[in-house]
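Atoms within each ligand, like the ligands themselves, are counted from 1 in listed order. Predicted, not measured: the structure shown is a model, and the values here were computed from it.
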Amino acid sequence: MNVDVLVVGGGPAGLSAALILGRCRRTVLLCDAGHQRNLRSNAIHGLLGWEGRSPSTFLNEGRLELTRYRSVSVLRAQVSKIQPTERGFAFLCEDGTNGTASKVLLATGLVDDVPKLPGIETHYGISVHHCLYCDGLEYAGKPVAAYGKGDRGAELAIMMKHWVADVVACSDGTEVSARISLRAEPIRALDGANGELTNIAFQSGPDLARSGLFFSTGCHQASDLSERLGCQRDAKGGVITDPDTEESSVPGLYVAGDVSREVLLVAVATVVACRVLAFQRPGPRNPHPK
Ligand SMILES: Cc1cc2nc3c(=O)[nH]c(=O)nc-3n(C[C@H](O)[C@H](O)[C@H](O)COP(=O)(O)OP(=O)(O)OC[C@H]3O[C@@H](n4cnc5c(N)ncnc54)[C@H](O)[C@@H]3O)c2cc1C
């Protein structure tokens, strides 16, 4: 398969890029492994026009919108190899799909380092979260825990005071230097029902009644393609790009969305993806020049 643009990743960034490229009559193959970062959540917050609605419906509707564009193909496939060639790139997917593309957009996203706490899996995305901007408002007036080893949880707890008054830092058996309401004992389990947290049990001492837990443990790139392609990356592993065009240090290779590790929100992922208008060379990069 030979296309103008290979889009790797079908989250908000990849889908938005494919939309704008399709509208510019570019041939696009979007390959997506299907592990979008917020699929664990029930609701997207902070996205105008989609406030409080489901992430999976958002993605389904995005994929449906792309079916209007004949030049855009969407494939459920993991891209395993991309190699620069004289005219662009050659690519190979795990299912054997292969071809060439003049440009590549990596929109492969991040994976959260969810703390390994017994009981966390059933609560994650419902009453256990990582992002205050996405989910903090729903906890105003409720008792909340801020989880993180060392000072990370304490720093998160201090930041959370803007959203919630009753916050206790949980450092899970590690020392904390900050002065903050703290439970330092190792956590035994998170308890609750239907995903709603009610209680944190510790290896010693009394349980702590909590309605929510936010954690600060970090995240990492979902794909090592940018590393294998030799893209320049910052100290956090984010791909460094030209701020005007989103092109990486590898000519013809662009990134959008969480991959850059800048502001990790759906709205930003979709807006940045629209800068791939630069793919339209020759021609104006700005569709509405002054
Ligand atoms: C629990 C949770 C809740 C959140 N809530 C909100 C919220 O309320 N509001 C908000 O604005 N943001 C929220 N976010 C952040 C939001 O999910 C991200 O900012 C957004 O998903 C980034 O979009 P993206 O397209 O860059 O990456 P993603 O949505 O993560 O999509 C990347 C896609 O690329 C695929 N992929 C990776 N490697 C390959 C490969 N080699 N080949 C093919 N496909 C590949 C992945 O499987 C995935 O499907 C939340 C995040 C989490 C974890």
- Any chance you could lay out the side chain to side chain contact (heavy atoms under 4.5 Å, CB included) test for V8 and V104, step after step, and finish with the verdict? CA-CA 8 Å; V8 189; V104 170; 4.2 Å; yes
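At a heavy-atom distance under 4.0 Å, no atom of L15 approaches ligand 1. Of all the heavy atoms of C31, the ones lying under 4.0 Å from any atom of ligand 1 belong exclusively to the backbone. Of the heavy atoms in H129, none comes closer than 4.0 Å to ligand 1. For Y133, no heavy-atom contact with ligand 1 is shorter than 4.0 Å. Contacts between A43 and ligand 1 below 4.0 angstrom, taking non-hydrogen atoms only, involve the backbone exclusively. Contacts of R40 with ligand 1, taken as heavy-atom pairs under 4.0 Å, are absent altogether.
Checked by distance only, ligand 1 and H35 come closer than 3.5 Å through their nitrogen or oxygen atoms. Distances between N or O atoms of A13 and those of ligand 1 include at least one value under 3.5 Å. Where the criterion is an N or O separation shorter than 3.5 Å, residue side chain and backbone included, R37 meets it with respect to ligand 1. Considering backbone and side-chain atoms alike, D258 places an N or O below 3.5 Å from some N or O of ligand 1. The shortest N/O to N/O separation between V266 and ligand 1 falls below 3.5 Å. Annotation: H130 places no N or O atom under 3.5 Å from an N or O atom of ligand 1; distance criterion only. Here's the thing with D135: none of its N/O atoms is less than 3.5 angstrom from an N/O atom of ligand 1.
V250 is not connected to L92 by any chain of hydrophobic side-chain contacts under 4.5 Å among Ile, Leu, Val, Met, Phe, Trp and Tyr, and they are in different clusters. Hydrophobic clustering, with ILVMFWY side chains joined whenever heavy atoms are under 4.5 angstrom apart, groups F91 together with L225.
Below 30°, between 30° and 60°, or above 60°: for Y124 and F215 the angle between ring planes is between 30° and 60°, a tilted geometry.
In this structure, of N38, L39, V8, V79, the residue bringing a heavy atom nearest to atom 17 (O) of ligand 1 is N38. Distances from atom 44 (N) of ligand 1 to the heavy atoms of C134, A256, A33, G34 show the closest one on A33. Between D224, L225, I126, T108, it is T108 that holds the heavy atom closest to atom 36 (N) of ligand 1.
Here is the list of ligand 1 atoms found below 4.0 Å of a heavy atom in S41: 3 (C). For ligand 1, the atoms sitting less than 4.0 Å from at least one non-hydrogen atom of G257 are 26 (O), numbered in the order shown with element in parentheses. When each atom of ligand 1 is checked for a heavy atom of A107 under 4.0 Å away, the hits are 32 (C), 33 (C), 34 (O). Within the listing of ligand 1, atoms 41 (N), 42 (N), 43 (C) sit less than 4.0 angstrom from a heavy atom of Q78. Ligand 1 places these atoms under 4.0 Å from at least one heavy atom of I44: 8 (O), 9 (N). Close approach of ligand 1 to Y124 (heavy-atom distance below 4.0 Å) involves ligand atoms 1 (C), 53 (C).
Heavy-atom neighbours of R87 CZ from other residues, nucleotides or ligands within 6.0 Å: at or below the threshold of 12. The environment of CG in D224 is crowded: more than 12 heavy-atom neighbours from other residues, nucleotides or ligands sit within 6.0 Å. The neighbour count for E175 CD, taken as heavy atoms of other residues, nucleotides or ligands under 6.0 Å away, does not exceed 12. At most 12 heavy atoms of other shown residues, nucleotides or ligands fall within 6.0 angstrom of atom CD in Q232. Within a 6.0 Å radius of NZ in K161, other residues, nucleotides and ligands contribute more than 12 heavy atoms.
Within the structure, ligand 1 has A77 among the residues with a heavy atom less than 4.0 angstrom away. Ligand 1 has at least one atom lying under 4.0 Å from a heavy atom of P12.
Between F58 and V266, the closest side-chain pair of non-hydrogen atoms falls below 4.5 Å. Taking the side chain as every heavy atom from C-beta outward, Y147 and L117 approach each other to under 4.5 Å.
If you run side-chain hydrogen bond (donor to acceptor under 3.5 Å, both in side chains) between R210 and each of T198, D191, N199, D166, only D166 comes through.
Remark: side-chain polar atoms of S248 are paired, donor with acceptor, to backbone N or O of L253 under 3.5 angstrom. Checked by atom type and distance alone, the side chain of N98 pairs as donor or acceptor with a backbone atom of G96 at under 3.5 Å.
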